[in-house]
Protein chains: 2
Amino acid sequence: MNQYWEKIKKAGLKLTPRRKAIVDIFIKLNRYASAEDVWEILSKKFKRCGLPGVYRNLESLVDCGVLAKVEKFDNKKYYALCLAGSSHHHHIVCLNCDKVEDISCYAGESLKKIKGFKVLNHFFQASGICAACARGGKA
Amino acid sequence: MNQYWEKIKKAGLKLTPRRKAIVDIFIKLNRYASAEDVWEILSKKFKRCGLPGVYRNLESLVDCGVLAKVEKFDNKKYYALCLAGSSHHHHIVCLNCDKVEDISCYAGESLKKIKGFKVLNHFFQASGICAACARGGKA
DNA sequence: ATTCTAAATGGAAATAATTTCTATTTAGAG
DNA sequence: CTCTAAATAGAAATTATTTCCATTTAGAAT
């Protein structure tokens, strides 16, 4: 029972073979992926496997905190394993290898009021080159 | 020749009736809008008016700095008038009236290196309730 | 172990957003 | 006024995602 399975159970979701496999795929990938990416890999393991089911599972895994959404700003949805707890945090993405890491939120008091707005939410995401890629780890 | 028209000309784009009308729509709206929103309004002014043309124009207006993209994280594209110059900045969106305002970027030295990543880009967007809506301006 | 029920699933089809393509029109330089 | 590259309309294609419904299954209760 790993930390991800625990999150799934804790949310009252069933720990299905499909969900275990999807978590496994993300652990092995170590980067963000689209529903179609996941479906392609999952299809090798399960002969009968629909894309709608993958979409449903990715959403439920986001809901229970196992996955986080990653933005590529191209009108597609991307997901990555979320190691951080349920506390508010952000993500940094490697432009070379697509790896995603959790980063804590820097927001302080100054973010409660901006330009007369009462600020309720904010989204932050950084991208760049991770240490491994900078060393030529993959290129 | 207002500031928006100037930006269009400066980018080497033609100042067409369609583009003038789109800028005008955003000035009057004073909030972000989707391609379809713009198309609906534009259709009242021009009987022959295609959605693909609206998409093309919105993109070209972003390219020349007249419009900015706004994220609603729903896999649709949204646009708003961009008053700020070409310098790096962000946006804050009113959840009640959809108004968008430019905000300056707070990023300092600490944002150059995060978790070993060499940070190249970042995206920030805040949302909340604007002063007018807080006063019950529209609700 | 067996039963039971809500949740999960597959797959077809629908929906929604956006882009491509091609022929026609037009802004604006000369 | 002419000319050309840029802009346009509209149909059709593409892409991503969701809905629908009939079937299966995880896991709680027995």
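A, B, ... follow the sequence lines: proteins, then strands. Residue 1 opens every chain.
In this structure, A:K14 reaches the bases: a heavy-atom distance under 4.0 Å links it to at least one base atom across the strands shown.
Sorted by residue number, the list of members of residues 60-69 of chain B with any non-hydrogen atom under 4.0 Å from DNA chain C is empty.
In terms of position along DNA chain C, the nucleotide closest to B:E59 lies nearer the 5' end than the nucleotide closest to the other residue of the pair B:E59 and B:K20. Each of B:P52 and A:E36 has a nearest nucleotide on DNA chain D; the 5'-most of these lies closest to B:P52.
The side chain of B:K9 sits closest to C:dG28 out of C:dT9, C:dG28, D:dT18. If you check C:dT18, D:dA16, C:dA27 against the side chain of A:K76, the one that comes closest is D:dA16. Across C:dT9, C:dG11, D:dA7, the shortest atom-to-atom separation from the side chain of A:R19 is found for C:dT9.
Between A:N75 and the phosphate of C:dT18, there is a side-chain N or O to OP1/OP2 separation shorter than 4.0 Å. Phosphate proximity of D:dA7 to B:N57: absent, as no side-chain N or O sits under 4.0 Å from OP1 or OP2. The shortest distance between the side-chain N/O atoms of B:Y55 and the OP1/OP2 oxygens of C:dT19 is not below 4.0 Å. Proximity of A:T16 to the phosphate of C:dT9: a side-chain N or O atom is located under 4.0 Å from OP1 or OP2.
Relative ring orientation between B:F73 and A:F123 is described as tilted, the plane-to-plane angle lying within the 30° to 60° band.
With hydrogens and angles left out, the side chain of B:R56 and the base of D:dA9 share a donor-acceptor pair within 3.5 Å.
Judged by distance alone, the side chains of A:Y32 and A:E71 never bring a donor and an acceptor atom under 3.5 Å apart.
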